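This one's a predicted model, so the numbers in the text were calculated from it and none came from an experiment.
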Amino acid sequence: SEKAFLLANGKRNLIGTNAFKYIDYGEKTEIILRRGSQSGKKVNGYNNIPSLKNKPIWYSLGEKEFSTILLPAITWKRKPIIWNKAKALATHNFYEIEPNNEKDTFTLLGILNSSLSALFMELYGRTPLGEGALEIMVYEVAKLPIINPTKLNDKQKRELEEAFLDICKAQKNNDLSKEEKARNRLDLIVFNVLSLNKEQISEVYEALNDLKKGREKRKETKIMIDSE
């Protein structure tokens, strides 16, 4: 696990504490820049790194609250949109999503964990890492088409919530069979909301599988090239 140093006040109030020593050490340590136009240049102190030097309190992340839903920036075969039940603070590897209405949290989680949402992530994302992994940027997440939870009736919301929670329960128990059944049920609810027919549903699954296989082939191609 990772830990974050959270402090909102200036270091003058910390004189004589280990926190002050920690900050002082950071301001006296020599660092070699590894990114940007100044890559390779040496600077004295983390407070003089280009990305931090204009911050009044360079060592502070500021006041931060947890988000209910976390979307991974990089995924492989699965695209889990996470219910942040642990109330953990997210790193840069996750995008934080907060429903407009807290009551719609599980409805939104159900929608985002459907195969249709996975398809849109494949279409809007990219594979720049050379290993076939899917990366999606924050501005691409903002553009993802999504069913508006407020447009659903109570029965549809309840069904989505129950299906999502059944997926969570199956994952906790490592029951792949029950998880697959819950996912199929979740997909069917989403497809019914959109009034998709069997042919259209088949096209969604086919497109999703084709895009996934395309990413996997890129990884296989890289492995073959590297081995030559």
Side-chain angles (χ1 to χ4, degrees), residues 1-76 78-102 104-105 108-109 112 117-118 120-146 148-149 215 218 222:
S1 62
E2 297 179 353
K3 295 183 179 180
F5 182 67
L6 298 174
L7 189 67
N9 298 321
K11 66 179 183 179
R12 289 183 180 180
N13 300 322
L14 300 172
I15 293 175
T17 67
N18 287 330
F20 180 87
K21 294 177 182 178
Y22 183 69
I23 296 168
D24 190 56
Y25 168 80
E27 293 178 346
K28 293 178 179 178
T29 300
E30 186 178 77
I31 303 114
I32 299 176
L33 301 179
R34 302 190 182 280
R35 295 182 181 179
S37 60
Q38 299 184 55
S39 179
K41 179 182 176 181
K42 293 182 180 180
V43 296
N44 190 41
Y46 285 93
N47 52 312
N48 288 316
I49 291 177
S51 60
L52 295 176
K53 67 180 182 180
N54 292 322
K55 289 186 64 178
I57 306 178
W58 68 270
Y59 47 82
S60 175
L61 293 175
E63 296 292 331
K64 190 169 177 60
E65 296 182 357
F66 74 92
S67 290
T68 310
I69 301 172
L70 301 177
L71 189 151
I74 299 174
T75 56
W76 174 225
R78 301 177 64 184
K79 301 174 187 63
I81 313 304
I82 302 163
W83 170 30
N84 189 12
K85 185 178 180 180
K87 300 181 179 180
L89 295 178
T91 68
H92 66 286
N93 294 313
F94 296 90
Y95 300 127
E96 300 171 310
I97 299 174
E98 202 62 41
N100 292 327
N101 188 332
E102 187 179 351
D104 291 330
T105 297
L108 185 57
L109 279 163
L112 289 172
S117 291
F120 286 135
M121 286 182 66
E122 291 280 356
L123 292 170
Y124 279 72
R126 75 280 302 284
T127 54
L129 304 176
E131 295 288 341
L134 178 71
E135 181 181 32
I136 189 164
M137 307 301 288
V138 65
Y139 63 88
E140 292 165 337
V141 173
K143 293 179 181 179
L144 289 176
I146 185 173
N148 187 343
R215 288 194 290 107
R218 292 184 188 183
K222 183 180 184 302

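More than 12 heavy atoms of other residues, nucleotides or ligands shown are found within 6.0 angstrom of NZ on K55.
The side-chain hydrogen bond (donor to acceptor under 3.5 Å, both in side chains) test applied to N54 returns no partner, not counting sequence neighbours. By the side-chain hydrogen bond (donor to acceptor under 3.5 Å, both in side chains) test, K41 is found to be paired with Q38, residues two or more places apart in sequence or in another chain being considered. For the side chain to side chain contact (heavy atoms under 4.5 Å, CB included) test, residues two or more places apart in sequence or in another chain that qualify with T17 are L14, A19, F20. In this structure, the salt bridge (charged side-chain N to carboxylate O under 4.0 Å, His left out) partners of R78, at least two apart in sequence or on a different chain, are E179. Under the rule for a salt bridge (charged side-chain N to carboxylate O under 4.0 Å, His left out), E98 has no partner lying at least two apart in sequence or in another chain. With sequence neighbours left out, the ring pair (Phe, Tyr, Trp, His ring centres under 6.0 Å) criterion links Y22 to F5. Residues passing the side chain to side chain contact (heavy atoms under 4.5 Å, CB included) test with N101 are K103, D104, sequence neighbours excluded. Evaluation of the side chain to side chain contact (heavy atoms under 4.5 Å, CB included) rule for L144 yields F120, M121, Y124, I136, V141 as partners, not counting sequence neighbours. A search for side chain to side chain contact (heavy atoms under 4.5 Å, CB included) contacts involving N148 returns T150, K151, not counting sequence neighbours.
Distance NZ/K79 to CD/E122: 3.5 Å, rounded to 0.5 Å. Distance check: I49 CD1 to R34 CZ gives 10.5 Å after rounding to the nearest 0.5 Å. How far CG of N47 is from CG of L52: 8.0 Å, rounded to the nearest 0.5 Å. The structure places OG1 of T75 at 10.0 Å from CD of E135, a figure rounded to the nearest 0.5 Å. I82 contributes atom CD1, which lies 11.5 Å from atom CG of L112 (distance to the nearest 0.5 angstrom). One distance of note links CG of L109 with CD1 of I69; it measures 4.0 Å at 0.5 Å rounding.
E140 and G125 make their closest contact through OE1-CA, 4.1 Å (heavy atoms, listed as atom of the first residue, atom of the second, distance). The two atoms that bring P72 and P80 nearest to each other are CD-O, 3.1 Å, heavy atoms only. The minimum heavy-atom distance between M137 and Y95, with the atom names listed, is CA-OH, 3.3 Å. Nearest heavy-atom pair across R215 and G132 is NH1-O, 2.8 Å.
F94 is not listed as a side-chain neighbour of N84, based on a closest heavy-atom distance of 4.5 Å or more. Put simply, the side chain of L108 does not reach to within 4.5 Å of the side chain of T68, judged on heavy atoms. Under the 4.5 Å side-chain criterion, counting only non-hydrogen atoms from C-beta, I74 is not in contact with N93.
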Which pairs of donor and acceptor atoms, one on a side chain in residues 24-31, lie under 3.5 Å apart (sequence neighbours left out)?
residue: D24; atom: OD2; partner: K28; partner atom: NZ; Å: 3.0
residue: E27; atom: OE1; partner: K11; partner atom: NZ; Å: 2.5
residue: E27; atom: OE2; partner: W58; partner atom: NE1; Å: 2.7
residue: T29; atom: OG1; partner: Y25; partner atom: O; Å: 2.6

